[in-house]
Amino acid sequence: MSIQERLRHKVVTVNVLGPVRTVAGVDIGFRHNLARAAVVVLSYPDLAMEERATAELPIQFPYVPGLLAFREAPATLAAFEKLAVIPDLVIFDGQGLAHPRRLGIASHVGVLLDLPSIGCAKSRLCGEHQEPGNEPGAWSWLYDQGEVIGAVVRSKADADPLFVSIGHKIDLPTAIHYVLSCCRNNRLPETTRLAHLAAGEAHGMDQPRQRSLFEL
DNA sequence: GCGACAG
DNA sequence: ATCTTGTCGC
């Protein structure tokens, strides 16, 4: 994929971010032939919802490991265009540098938006690692082809770790720091968690109805 | 040829 | 990711 080869050279792997006052989270929900992207902007470090934007587009690209951006970037960019507040940092639900060609969706879209971004995936795409300790905050390096491509981070005890990597304009230690400081009492950071909820709403995507107290 | 494989 | 209720575990 030449597009990835061309964009990978635009990724900045050092911190180019000012004071972080807002952090955004992105996630996509699929239903029938529609992709619904949701972007939530939270205040930092309070993590209070500041803004929310969504965009829906027909799915026009299949899921292919390594090509996730081609499937999710269109709706994601459309959602960002509706945003009134440009976030200081964006946390994606997927890999950043921890990708076969070093351009996961977090780096790909991070470069297109030219915003500091972090790749925070729920599972591994490539690379090798040792299991991090079970204490929240424990982490280990993620290696591939003899180089460090990210970190495997324990955000919650007894829960599977997160795969954190550089997206754009941020270094790995800083990325790990922000991911951990965005996790309250769940495995996923608030950004991803809230974006996931927003991406699943409407569409006819049934939200679990509040069960009546009488049924319990 | 076989296994791996973000969401 | 999505199709989906009850159910296993602490």
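In what follows, every heavy atom counts, from backbone to side chain, and hydrogens, waters and symmetry copies are set aside. So that the names make sense, note that chain A is the first sequence line, chain B the second, and so on, each numbered from 1.
- In this structure, A:Leu34 places its CG atom 17 Å from P of C:dA1, rounding to the nearest Å.
- Annotation for A:Gln60: atom CD counts as buried by contact number, over 12 foreign heavy atoms lying within 6.0 Å.
- As a whole-Å value, the separation of A:Arg193 CZ from B:dG7 C1' is 19 Å.
- Under the 30°/60° scheme for interplanar angles, the aromatic rings of A:Phe70 and A:Phe61 are found to be tilted.
- Ring-base stacking between A:Tyr63 and B:dG7 is satisfied, the centre separation being under 5.5 Å and the plane angle under 30°.
- Per the geometry, CZ belonging to A:Phe92 stands 13 Å off C1' belonging to B:dA6, to the nearest Å.
- Within the 4.0 angstrom heavy-atom criterion, only backbone atoms of the sugar-phosphate kind lie near A:His196; the bases stay farther away.
- Between the CD1 atom of A:Ile91 and the C1' atom of B:dA6 there is a distance of 16 Å, given to the nearest Å.
- Distance, A:Leu67 CG to B:dG7 P: 15 Å, rounded to whole Å.
- Here the C1' atom of nucleotide B:dA6 and the CG atom of A:Leu68 are 6 Å apart, to the nearest Å.
- Residue A:Arg31 places none of its side-chain N or O atoms closer than 4.0 Å to OP1 or OP2 of C:dT2.
- Note on A:Lys156 versus A:Glu135: no salt bridge recorded, every NZ/NE/NH1/NH2 to OD/OE distance being 4.0 Å or above.
- No donor-acceptor pair closer than 3.5 Å links the side chain of A:Arg52 to the backbone N or O of A:Val40.
- Ion pairing between a basic and an acidic side chain is recognised when a charged N comes within 4.0 Å of a carboxylate O; A:Asp46 and A:Arg21 show no such pairing.
- Checking side-chain atoms of A:Lys169 against main-chain N and O of A:Thr13 turns up no donor-acceptor pair under 3.5 Å.
- Residues A:Lys122 and A:Asp93 are paired through a salt bridge, judged by an N-O separation under 4.0 Å between the basic side chain and the carboxylate.
- For the OP1/OP2 pair of B:dC5 and a distance below 4.0 Å, the side-chain nitrogens and oxygens of A:Ser123 include no atom meeting the criterion.
- Side-chain proximity of A:Arg124 to C:dA1, B:dC5, B:dG7: nearest is B:dC5.
- Remark: P of B:dG7 and CZ of A:Arg71 are 13 Å apart, rounded to the nearest angstrom.
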Exercise for the section: Determine which bases of DNA chain C form Watson-Crick or G-U wobble pairs with both distances under 3.5 Å, and write the result as a 5' to 3' dot-bracket string with | for other-strand partners. Expected result: ..........

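- When the P atom of B:dA4 is taken as reference, atom CZ of A:Phe163 falls 15 Å away, rounded to whole Å.
- Among the protein residues, A:Gly66 comes within range of the nucleic acid bases, having at least one heavy atom under 4.0 Å from a base atom.
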